[in-house]
Amino acid sequence: MKVNKAVFPAAGLGTRLLPITKSIPKEMLILVDKPLIQYGVEECIESEIQDIIIITGRGKTAIEDYFDRSIEHEILLKEKGKHDLLQSVKDIANMINFSYTRQKEALGLGHAILCAQNLIGDEPFSVVLSDDIIDAKVPVMKQMIDIYKQYRYSVLAVQKVKDEDISKYGIIKGTEIEKGVYKIEDLVEKPEKEEAPSNLAIIGRYILTPRIFDFLKETKPGKGGEIQLTDAIKSLLSVQPVYALEFEGIRYDGGNKLELLEAQVAFGLKNKDLKDGLLEFIKNII
Ligand code: G1P
């Protein structure tokens, strides 16, 4: 069955980026010229996903407004004859089909995914954590869908991380069965490095079979008192294989102030209108 739907959990409070996240959802922070979440949405479109389901919460209406029409802007731009800008504003509202549902309490990533069950139904789906910004020649979601088509079971994106970063991630234990593809034997949410089974960390892209919902419903609060997706996937392993793909691409943690700044520079240098000016600025200040 084709992977048609992508779930974007977006109810988190963005604590690591305070104080801006007091009033601006972290998903709406700008990366060069677009909000962070738009990069994930574009990645899905390029990977032939048809429907985006955004799990929002209180204080997150800016996300819905952004992907809607903005009649005031459209009238103004039309009057002023700014047709290119008008088109780009209209295009955002027509990118793809969006649905929204609310996670009423911040009970964890696993709980957020469970909130989308009715909108997903009985089909495989993908999950995008939009603060994992990934610069890749082939969109990471597409890389993962290609592996899903081969193995037909859940696929997690993974990346090797430094020892000191292990405790920030879900970590897998697996056997490499083809270059960059692992069959997962175990996984653990944010272990201390001494207890970690490897340095292969789960990054915010998943393809999951609908069986995950049976386990999400049963999952008790784990690390940090939250219902962890990692724990539900560990239970899923008892009935189905789960694979991991060490994807090709550079990943920036958008919830980390330094990495967000690095992403601004890296993506800025890829933008043809900004590249020369940015390069000159960097040369001048160093
Ligand atoms: C979540 C997951 C974790 C994963 C990480 C990737 O953690 O629980 O397993 O490694 O995303 O970014 P969070 O960063 O939301 O604490």
Give a yes or no on whether a salt bridge exists between Glu248 and Lys137, defined as a side-chain N under 4.0 angstrom from a carboxylate O.
-> no

Of all heavy-atom pairs between Tyr148 and Pro124, which one has the smallest distance, and what is that distance?
-> OH-CG, 3.3 Å

Gly57 backbone acceptor or donor facing Gln103 side chain under 3.5 Å = no

Should the heavy atoms of other residues, nucleotides or ligands under 6.0 Å from NZ of Lys217 be counted, would the total exceed 12?
-> yes

Which of Leu13, Thr15, Thr21 passes side chain to side chain contact (heavy atoms under 4.5 Å, CB included) with Leu17? Answer is Thr21

Rounded to the nearest 0.5 Å, what's the gap from CZ on Arg205 to CE on Met141? Could you check?
-> 6.0 Å

Roughly how far, to the nearest 0.5 Å, is NZ of Lys272 from CG of Leu274?
-> 9.5 Å

Is the count of non-hydrogen atoms from other residues, nucleotides or ligands lying under 6.0 Å from Asn284 atom CG greater than 12?
-> yes

Exam field: side chain Arg211 to backbone Gln240, donor-acceptor pair closer than 3.5 Å = no

Could you tell me whether Asp165 and Lys193 make a salt bridge, using a distance below 4.0 angstrom between a side-chain N and a carboxylate O?
-> no

Worked verdict on Ile49 versus Ile145 for side-chain contact (heavy atoms from CB on, under 4.5 Å) = CA-CA 10 Å; Ile49 298 280; Ile145 287 175; 4.1 Å; yes

Tyr243 OH to Tyr153 OH distance, which is reported to the nearest 0.5 Å | 8.0 Å

Hey, any chance Ile133 and Tyr169 share a hydrophobic cluster, counting ILVMFWY side chains that come within less than 4.5 Å of each other, even indirectly?
-> yes

Joint cluster assignment, Tyr100 & Val41, ILVMFWY side-chain distance < 4.5 Å = yes

Does Cys44 reach the side chain of Val128, with side-chain heavy atoms less than 4.5 Å apart?
-> yes

Checking side-chain hydrogen bond (donor to acceptor under 3.5 Å, both in side chains) for the pair Thr175/Glu185: CA distance, chi angles, key distance, verdict?
-> CA-CA 8 Å; Thr175 308; Glu185 287 146 21; 2.3 Å; yes

Give the intermediate values and the outcome of salt bridge (Lys or Arg N to Asp or Glu O under 4.0 Å) for residues Glu176 and Lys183.
-> CA-CA 6 Å; Glu176 195 166 13; Lys183 189 164 187 290; over 6 Å; no

Hey, are the side chains of Lys223 and Asp231 touching, using non-hydrogen atoms and a 4.5 Å cut-off?
-> no

Would you call Met144 and Phe247 a side-chain contact if the rule is heavy atoms closer than 4.5 Å?
-> no

Nearest heavy-atom neighbours spanning Leu36 and Lys26 = CD1-O, 3.6 Å

Close side-chain approach of Lys234 and Asp186, heavy atoms under 4.5 Å | yes

Measure across Glu189 and Gly170 and return the closest heavy-atom pair with its distance rounded to 0.1 Å.
-> OE1-CA, 3.6 Å

Please say which of Ile171, Thr230, Leu229, Val242 ends up in a side chain to side chain contact (heavy atoms under 4.5 Å, CB included) with Leu187.
-> Thr230

Counting only heavy atoms not in Asp273, do more than 12 fall under 6.0 Å of its CG?
-> yes

Look at the side chain of Arg69 and the backbone N and O of Val89, then say whether any donor-acceptor pair between them is shorter than 3.5 Å.
-> no

Where Ile96 and Gln50 come nearest, the two heavy atoms and their spacing = CG1-O, 3.2 Å

List the steps and the verdict of side-chain hydrogen bond (donor to acceptor under 3.5 Å, both in side chains) for Gln87 and Asp91.
-> CA-CA 6 Å; Gln87 197 52 48; Asp91 285 348; 2.9 Å; yes

In Å, rounded to the nearest 0.5 Å, how long is the span from OG1 of Thr101 to CD of Gln117?
-> 11.5 Å

Given side chains that start at C-beta, do those of Gln159 and Arg251 come closer than 4.5 Å, heavy atoms only?
-> yes

Hydrophobic cluster identity match, Ile134 and Ile250, side-chain contacts under 4.5 Å | yes

Is the number of heavy atoms from other residues, nucleotides or ligands within 6.0 Å of CD (Glu105) greater than 12?
-> no

Looking only at non-hydrogen atoms, find the nearest pair between Ser198 and Leu200 and report the distance.
-> OG-N, 2.9 Å

With a 4.5 Å heavy-atom cut-off, do Leu236 and Thr209 have their side chains touching?
-> yes

Given the options Phe67, Tyr66, Phe8, Phe98 meets ring pair (Phe, Tyr, Trp, His ring centres under 6.0 Å) only with Phe67

Looking only at atom types and distance, does a side-chain atom of Glu123 sit under 3.5 Å from a main-chain N or O of Asn4, one as donor and one as acceptor?
-> no

Would you say Arg152 has more than 12 foreign heavy atoms packed within less than 6.0 Å of its CZ?
-> yes

Crowding at CG, Asn94 (>12 non-hydrogen neighbours, <6.0 Å) = yes

Just wondering, more than 12 heavy atoms not from Lys82 lying within 6.0 Å of its NZ?
-> no

Verdict with supporting geometry, Ile52 and Asn97, side-chain contact (heavy atoms from CB on, under 4.5 Å) = CA-CA 6 Å; Ile52 303 272; Asn97 183 42; over 6 Å; no

For Ala232 and Thr219 the tightest heavy-atom approach is CB-OG1, 3.5 Å

Could you walk me through whether Tyr206 and Ile113 pass side-chain contact (heavy atoms from CB on, under 4.5 Å), step by step?
-> CA-CA 11 Å; Tyr206 307 71; Ile113 305 300; over 6 Å; no

Looking at NZ of Lys90 and CG of Leu85, how far apart are the two atoms once the value is rounded to the nearest 0.5 Å?
-> 12.5 Å

Under a 4.0 Å N-O cut-off, is there an ion pair linking Lys60 with Glu27?
-> yes

Shared ILVMFWY cluster between Leu245 and Ile172, side chains joined below 4.5 angstrom?
-> no

Report yes if some heavy atom in the side chain of Glu48 is under 4.5 Å from a heavy atom in the side chain of Lys142; otherwise report no.
-> no

Out of curiosity, does Ile207 fall in the hydrophobic cluster containing Ile55 (side-chain heavy atoms, cut-off under 4.5 Å, transitive links)?
-> no

Would you call the rings of Phe125 and Phe213 parallel, tilted or perpendicular, where under 30° means parallel and over 60° means perpendicular?
-> parallel

Could you tell me whether the side chain of Asp132 and the main chain of Gly204 form a donor-acceptor pair under 3.5 Å?
-> yes

So Val7 and Ile54, side-chain contact (heavy atoms from CB on, under 4.5 Å) or not? Walk me through it.
-> CA-CA 6 Å; Val7 179; Ile54 303 186; over 6 Å; no

Lys190 NZ to Glu195 CD distance, which is reported to the nearest 0.5 Å | 15.5 Å

Under a 4.5 Å cut-off applied to non-hydrogen side-chain atoms, are Arg16 and Lys257 in contact?
-> no

Is the number of heavy atoms from other residues, nucleotides or ligands within 6.0 Å of NZ (Lys34) greater than 12?
-> yes

Using atom types as modelled and distance alone, determine if a side-chain donor or acceptor of Glu262 lies under 3.5 Å from a backbone N or O of Ala266.
-> no

Is the backbone N or O of Asp253 less than 3.5 Å from a side-chain atom of Glu259, with the two atoms forming a donor-acceptor pair by type?
-> yes

